[in-house]
Amino acid sequence: MTIKLTTPAAVAASLAALLATAAPAAAADYAQAAGSTLAFASRYDGELFTGRFDRFDTRLSFDPAKPEAGTLDVTIGLASAVTGNADRDSTLKTADFFDIGKYAQARYSAKGFRKLADGQYAADGTLELRGVRKPVTLTFSWTDGAQPVLAGKAVVKRLDFGVGGGDWADTDTIPDAVNISTRVVLKPL
């Protein structure tokens with residue numbers, strides 16, 4: 001059977017139908033936009049304290065329909081950690097904690113995400129901190145839009161990375177588990 005396309009509208013409609021079925025949409029690439037946050041929470045002698053990293057950079061490739069093809073890369077400026085307590089902030093920069101003279105950045109990277117039953121996603125990635133690389137899972141939700149938002153949580157075992165070693169290794173004083181939360185506003189690349 002031969003189809004004759006006699007009008008420009010018929011040609012356009014046929015071309016649009018062909019393009020729509022030719023290739024699936026690719027994952028979108030994103031960069032971090034203004035308004036993003038990366039925070040942490042722990043306890044010192046039983047008292048809760050929170051902090052944040054003022055400098056971090058996120059790159060993401062993600063399609064909610066194909067999470068297994070996703071990639072995430074985050075670099076974190078360790079000297080930008082602030083908690084609102086000058087003594088604690090200066091201590092975090094020392095060799096006992098982040099050792100910013102030797103390790104200026106931390107990096108989290110993940111490739112291939114999992115869709116979870118509750119509609120969230122999991123990125124089974126690797127955190128590199130103080131020269132140590134360990135697996136860390138980031139669980140996150142995704143809000144679509146002109147500037148999508150990735151909102152996630154993870155738990156980092158600080159002693160696995162030598163953070164707060166020596167006199168600070170006592171988990172009765174500072175727990176080993178540090179809660180991390182992030183809200184990354186994204187812009188398409």
Side-chain angles (χ1 to χ4, degrees), residues 30-33 35-60 62 67 70-114 116 118 120-142 149-186:
Y30 300 97
Q32 179 179 314
S36 298
T37 59
L38 178 59
F40 56 92
S42 188
R43 294 189 175 275
Y44 177 72
D45 278 341
E47 183 179 327
L48 177 68
F49 72 89
T50 61
R52 70 182 185 282
F53 293 97
D54 285 338
R55 288 192 311 276
F56 68 103
D57 182 62
T58 306
R59 302 283 182 211
L60 174 72
F62 184 62
T71 61
L72 175 63
D73 189 67
V74 183
T75 55
I76 305 154
L78 296 175
S80 74
V82 292
T83 65
N85 177 298
D87 288 338
R88 183 171 30 237
D89 293 352
S90 62
T91 301
L92 286 176
K93 294 172 176 54
T94 67
D96 286 334
F97 285 87
F98 293 143
D99 196 2
I100 64 166
K102 194 171 182 182
Y103 305 102
Q105 294 184 342
R107 181 175 181 211
Y108 179 78
S109 57
K111 191 171 192 173
F113 308 149
R114 297 178 285 123
L116 303 177
D118 61 2
Q120 293 201 10
Y121 301 89
D124 298 314
T126 301
L127 176 63
E128 184 173 349
L129 175 62
R130 291 178 47 104
V132 177
R133 295 173 49 91
K134 295 279 185 179
V136 172
T137 297
L138 174 73
T139 303
F140 67 93
S141 63
W142 179 257
V149 175
L150 179 152
K153 294 182 179 186
V155 175
V156 173
K157 301 282 189 164
R158 68 180 179 87
L159 294 175
D160 287 353
F161 298 93
V163 174
D167 291 341
W168 301 102
D170 180 5
T171 57
D172 288 335
T173 303
I174 304 173
D176 188 22
V178 177
N179 294 307
I180 308 296
S181 63
T182 190
R183 183 180 181 278
V184 185
V185 180
L186 296 157

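Nothing fancy with the numbering, it's 1 onward along the sequence.
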Spatial distance of atom CD1 (Ile76) from atom CD (Glu128) [nearest 0.5 Å]: 11.0 Å

Non-hydrogen side-chain atoms of Phe140 and Leu72 separated by less than 4.5 Å: no

If you look only at distance, which donor and acceptor atoms sit under 3.5 Å apart when one is on a side chain in residues 49-57 and the other is two or more places apart or in another chain?
{"unit_1": "Arg52", "atom_1": "NE", "unit_2": "Asp54", "atom_2": "OD1", "d": "2.7"}

Would one find more than 12 heavy atoms of other residues, nucleotides or ligands at under 6.0 Å from atom CG of Asp170? yes

Test of understanding: with side-chain contact (heavy atoms from CB on, under 4.5 Å), list the residues that count as partners of Thr137, not counting sequence neighbours. Arg114, Ala122, Asp124, Thr139

In short, Ala154 meets Val136 closest at the heavy-atom pair CB-CG1, 4.0 Å

About how many Å separate OG of Ser42 and CD of Glu47, when rounded to the nearest 0.5 Å? 11.5 Å

OG1 of Thr75 to CZ of Arg59, rounded to nearest 0.5 Å, is 8.5 Å

Kindly check if the number of other-residue, nucleotide or ligand heavy atoms within 6.0 Å of CZ (Arg130) is above 12? yes

Are side-chain heavy atoms of Leu127 and Lys134 found at a separation under 4.5 Å? no

Using modelled atom types and a 3.5 Å cut-off, is there a donor and acceptor pairing between side-chain atoms of Arg158 and backbone atoms of Pro175? yes

Looking only at non-hydrogen atoms, find the nearest pair between Phe40 and Val178 and report the distance. CB-CG1, 4.0 Å

Does Tyr108 reach the side chain of Thr126, with side-chain heavy atoms less than 4.5 Å apart? no

Please name the pair of heavy atoms, one in Ser36 and one in Ala33, separated by the smallest distance, quoted to 0.1 Å. OG-O, 2.8 Å

Find out whether Lys153 and Asn179 are in side-chain contact, i.e. whether some heavy atom of one side chain is under 4.5 Å from a heavy atom of the other. no

Might you work through the side-chain contact (heavy atoms from CB on, under 4.5 Å) test for Thr173 and Asp45, ending with a clear yes or no? CA-CA 5 Å; Thr173 303; Asp45 278 341; 3.6 Å; yes

Heavy-atom nearest pair, Gly131 first then Tyr103, reads N-CE2, 3.5 Å

With no hydrogens and no angle check, is any side-chain donor or acceptor of Asp176 less than 3.5 Å from a backbone partner on Thr171? no

Is it true that a side-chain atom of Thr182 and a backbone atom of Thr37 form a donor plus acceptor pair closer than 3.5 Å? yes

Flag side-chain contact, heavy atom, 4.5 Å: Leu60 against Val184: no

For the ring pair Phe62 and Trp142, is the centre-to-centre distance below 6.0 Å? yes

Minimum heavy-atom separation for Ala110 to Gly125, with atom names? CB-CA, 3.7 Å

Flag yes if more than 12 heavy atoms outside Lys93 fall under 6.0 Å of its NZ atom; otherwise flag no. yes

Which is it for Phe161 and Phe98 under the side-chain contact (heavy atoms from CB on, under 4.5 Å) test, yes or no, and what are the steps along the way? CA-CA 9 Å; Phe161 298 93; Phe98 293 143; over 6 Å; no

Can a donor-acceptor pair be found, under 3.5 Å and without considering hydrogens, that links the side chain of Asp99 to the backbone of Thr94? no

Asp89 versus Thr83, side-chain donor and acceptor atoms under 3.5 Å: yes

Taking all non-hydrogen atoms of both residues into account, name the closest pair between Ala169 and Leu159 and its distance. O-CD1, 3.8 Å

pair Ile174-Phe97: side-chain heavy atoms closer than 4.5 Å: yes

Hey, does Leu129 have a side-chain heavy atom less than 4.5 Å from the side chain of Leu78? yes

